[in-house]
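Comments concern the structure below.
This structure is a prediction, so every number in the text was calculated from the model and none was measured. A, B, ... follow the sequence lines: proteins, then strands. Residue 1 opens every chain.
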There are 2 protein chains.
Amino acid sequence: MTFDAIDQKLLQLLQNDSKQTNKELSNALNLSVTAVFERIKKLENNGVINKYVALVKKEKVDKSFVAFCHIKLSQHIQEYVVQFEKEVTNLTEVLECHHISGDYDYILKVVVKDMEAFREFMVEKLTNINHIGSTHSMFVISEVKSTTAIPI
Amino acid sequence: MTFDAIDQKLLQLLQNDSKQTNKELSNALNLSVTAVFERIKKLENNGVINKYVALVKKEKVDKSFVAFCHIKLSQHIQEYVVQFEKEVTNLTEVLECHHISGDYDYILKVVVKDMEAFREFMVEKLTNINHIGSTHSMFVISEVKSTTAIPI
DNA sequence: AACTAAAACTGAAAATTTTTCCTTTATGAC
DNA sequence: GTCATAAAGGAAAAATTTTCAGTTTTAGTT
């Protein structure tokens, strides 16, 4: 699909606050409520808007510790790759897993309570997955920026 | 604040789909609509729920290229740190910036159109920021898992 | 320039949801 | 048992979403 300037603005607004009413959006965009409604539905139907979610502040739910883990597989057999990706996806502590270029195969973003919980996660969950060759972890000292808003 | 099992379930539900009506949530939780409403308001007021956002599929807005950039500052003077963090925060292509332990000072998640756009981003924006010592980029080959839902 | 079809817009009405208000229930302290 | 507090439920009110019918705009064709 194709976006005009209004769609772009609308996506920006919704990426920052999806609880705005169509009336508020219609004011911001100088459109009628119905026009806003229809544009949003179109963006949803075309899969541009994927889902709507509540973002939880991790400190408030006692998950303040964030780490990035690099992982290398022992061998790059397809079977191993598929199994690793499946198992890592099932770990709720792993918010993100990306297959990347470079020295390591994957980078994971892991969220847990504290360093001790991270140790447990590594020992009991992550390294229990088969075919992991080596890992290298980096700990987040402070979160400088974190947004879900894709530039549009 | 303190969470009971219902709050936890509620947060899980809202982290996965914030567009569910209170009636749907009340069914899932075996509660009245009002009770759900009040629990949500409490979670919002206590800052547990930070915001509600629309998640956009990056492929649909022509931002399919994701890279992680490691950055080392030339010197760790506070002034340099503050300035770097401020400037990097203003770059819309940078969705995340974390100050981390390890060989590098920061890790960034960058979203752009393609490799060519990434090159431009590096040359014209990122390395224009003062006090950057060195960088090292890793490109995402495939996104194995990506969620905003913190385990609760 | 006039015509047509499609897309986008508008305002009003209908349907649904959110929010308020008041009553009831459960829990723990005295 | 009584009181105080917190959580829950139901019903009504307020607000929002969604539908609908009709109009305007746009783009392409003749």
Side-chain angles (χ1 to χ4, degrees), chain A residues 1-63 113 147-152, chain B residues 1-63 113 147-152:
Chain A
M1 79 173 280
T2 157
F3 308 106
D4 62 13
I6 298 175
D7 287 319
Q8 293 176 15
K9 186 78 191 298
L10 180 53
L11 284 173
Q12 285 170 11
L13 291 167
L14 290 175
Q15 281 194 113
N16 282 311
D17 179 7
S18 62
K19 271 288 159 72
Q20 291 167 94
T21 63
N22 290 345
K23 194 170 170 189
E24 292 171 310
L25 293 168
S26 74
N27 286 332
L29 298 170
N30 278 103
L31 271 186
S32 69
V33 170
T34 305
V36 169
F37 175 80
E38 284 171 352
R39 277 173 181 266
I40 292 175
K41 281 292 164 263
K42 191 173 155 198
L43 290 167
E44 290 171 1
N45 293 336
N46 289 336
V48 178
I49 295 177
N50 204 14
K51 49 160 46 176
Y52 296 90
V53 300
L55 298 182
V56 166
K57 192 166 281 180
K58 51 187 178 330
E59 293 77 13
K60 295 280 185 174
V61 292
D62 211 15
K63 294 285 158 75
K113 180 178 191 297
T147 179
T148 54
I150 293 166
I152 290 176
Chain B
M1 79 173 281
T2 159
F3 308 106
D4 63 12
I6 298 176
D7 288 319
Q8 293 175 14
K9 187 76 191 298
L10 179 54
L11 284 173
Q12 286 169 13
L13 291 168
L14 290 175
Q15 282 193 113
N16 283 310
D17 179 8
S18 61
K19 271 289 160 72
Q20 289 166 96
T21 64
N22 290 346
K23 194 171 171 189
E24 290 171 310
L25 293 167
S26 74
N27 285 333
L29 298 169
N30 278 104
L31 272 185
S32 69
V33 170
T34 304
V36 169
F37 175 81
E38 284 171 353
R39 278 174 181 265
I40 292 175
K41 281 292 166 262
K42 191 173 154 199
L43 291 168
E44 289 170 1
N45 293 336
N46 289 336
V48 179
I49 295 177
N50 205 15
K51 49 160 46 176
Y52 296 91
V53 301
L55 298 182
V56 167
K57 191 165 282 179
K58 53 186 175 332
E59 293 77 13
K60 294 282 185 173
V61 292
D62 210 15
K63 294 287 157 72
K113 179 179 192 297
T147 179
T148 54
I150 293 166
I152 292 177

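With rounding to the nearest 0.5 angstrom, the CD atom of B:Gln15 is 8.5 Å from the CD1 atom of B:Ile49. To the nearest 0.5 Å, atom CG of residue B:Leu43 and atom CE of residue B:Met1 are 5.0 Å apart. Note: B:Glu24 CD to B:Leu29 CG = 11.5 Å, rounded to the nearest 0.5 Å. In this structure, CG on A:Leu14 lies 11.0 Å from CG on B:Leu55, to the nearest 0.5 angstrom. For the atom pair NZ (A:Lys9) and CD1 (A:Ile6), the distance works out to 10.0 Å, reported to the nearest 0.5 Å. Put simply, CG on A:Asn22 and CG on A:Asn27 are 11.0 Å apart, with the number rounded to the nearest 0.5 Å.
For DNA chain C, no neighbouring residue in residues 8-16 of chain A is found when judged by any heavy atom under 4.0 Å.
Counting heavy atoms from C-beta outward, B:Gln20 and B:Leu13 have side chains that approach closer than 4.5 Å. Using a 4.5 Å heavy-atom cutoff, the side chains of A:Phe3 and A:Leu10 are not in contact. Here the side chains of A:Val53 and B:Asp17 are not in contact, with every heavy-atom distance at 4.5 Å or above.
Residue pairs meeting the side-chain hydrogen bond (donor to acceptor under 3.5 Å, both in side chains) criterion with at least one partner in residues 45-55 of chain B, sequence neighbours excluded, are B:Glu44-B:Tyr52.
Distance CG (B:Leu25) to C1' (C:dT18): 12 Å, rounded to an integer number of Å. Between A:Glu38 atom CD and C:dA6 atom C1' there is a gap of 13 Å when expressed in whole angstrom units. Straight-line distance from the CD atom of B:Glu24 to the C1' atom of C:dT17: 11 Å, rounded to whole Å. In this entry the distance linking CD1 of A:Ile6 with P of C:dA8 reads 11 Å, nearest Å. One atom, CE of A:Met1, and another, C1' of C:dA8, lie 12 Å apart when rounded to the nearest Å. Rounded to whole angstrom, the span from the CG atom of A:Leu43 across to the P atom of C:dA8 amounts to 11 Å. Going from atom CG of A:Asp4 over to atom P of D:dA27 covers 11 Å, rounded to whole Å. Remark: P of C:dA8 and CG of A:Asn45 are 13 Å apart, rounded to the nearest angstrom.
The two residues A:Ala54 and B:Ser18 make their nearest non-hydrogen contact at N-CB, 3.6 Å.
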N/O donor-acceptor pairs under 3.5 Å from side chains in residues 33-40 of chain B, not counting sequence neighbours:
{"unit_1": "B:Arg39", "atom_1": "NH1", "unit_2": "B:Asp4", "atom_2": "OD1", "d": "3.0"}
{"unit_1": "B:Arg39", "atom_1": "NH1", "unit_2": "B:Asp4", "atom_2": "OD2", "d": "3.2"}
{"unit_1": "B:Arg39", "atom_1": "NH1", "unit_2": "B:Asp7", "atom_2": "OD1", "d": "3.0"}
{"unit_1": "B:Arg39", "atom_1": "NH1", "unit_2": "B:Asp7", "atom_2": "OD2", "d": "3.4"}
{"unit_1": "B:Arg39", "atom_1": "NH2", "unit_2": "B:Asp4", "atom_2": "OD2", "d": "3.0"}

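Proximity of a side-chain donor or acceptor of B:Asn30 to a complementary backbone N or O of B:Ser26 within less than 3.5 Å is not detected. For B:Lys60 (side chain) and A:Gly47 (main-chain N/O), no donor-acceptor pair under 3.5 Å exists by modelled atom type.
Within the nucleic acid shown, B:Ala35 comes within 4.0 Å of sugar-phosphate atoms alone, with no base atom in reach, counting heavy atoms only.
End-to-end axis angle of the helix from C:dA1-D:dT30 to C:dC30-D:dG1, from C1' rotation axes over five pairs per end: 30° (rounded to 10 degrees).
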Nucleotides 25-28 of chain C: which of its N/O atoms have a protein N/O under 3.5 Å away?
none

Quick test: give all pairs of protein nitrogen or oxygen and nucleotides 14-18 of chain D nitrogen or oxygen below 3.5 Å, distance rounded to 0.1 Å.
{"unit_1": "D:dT17", "atom_1": "OP2", "unit_2": "A:Asn22", "atom_2": "N", "d": "3.0"}

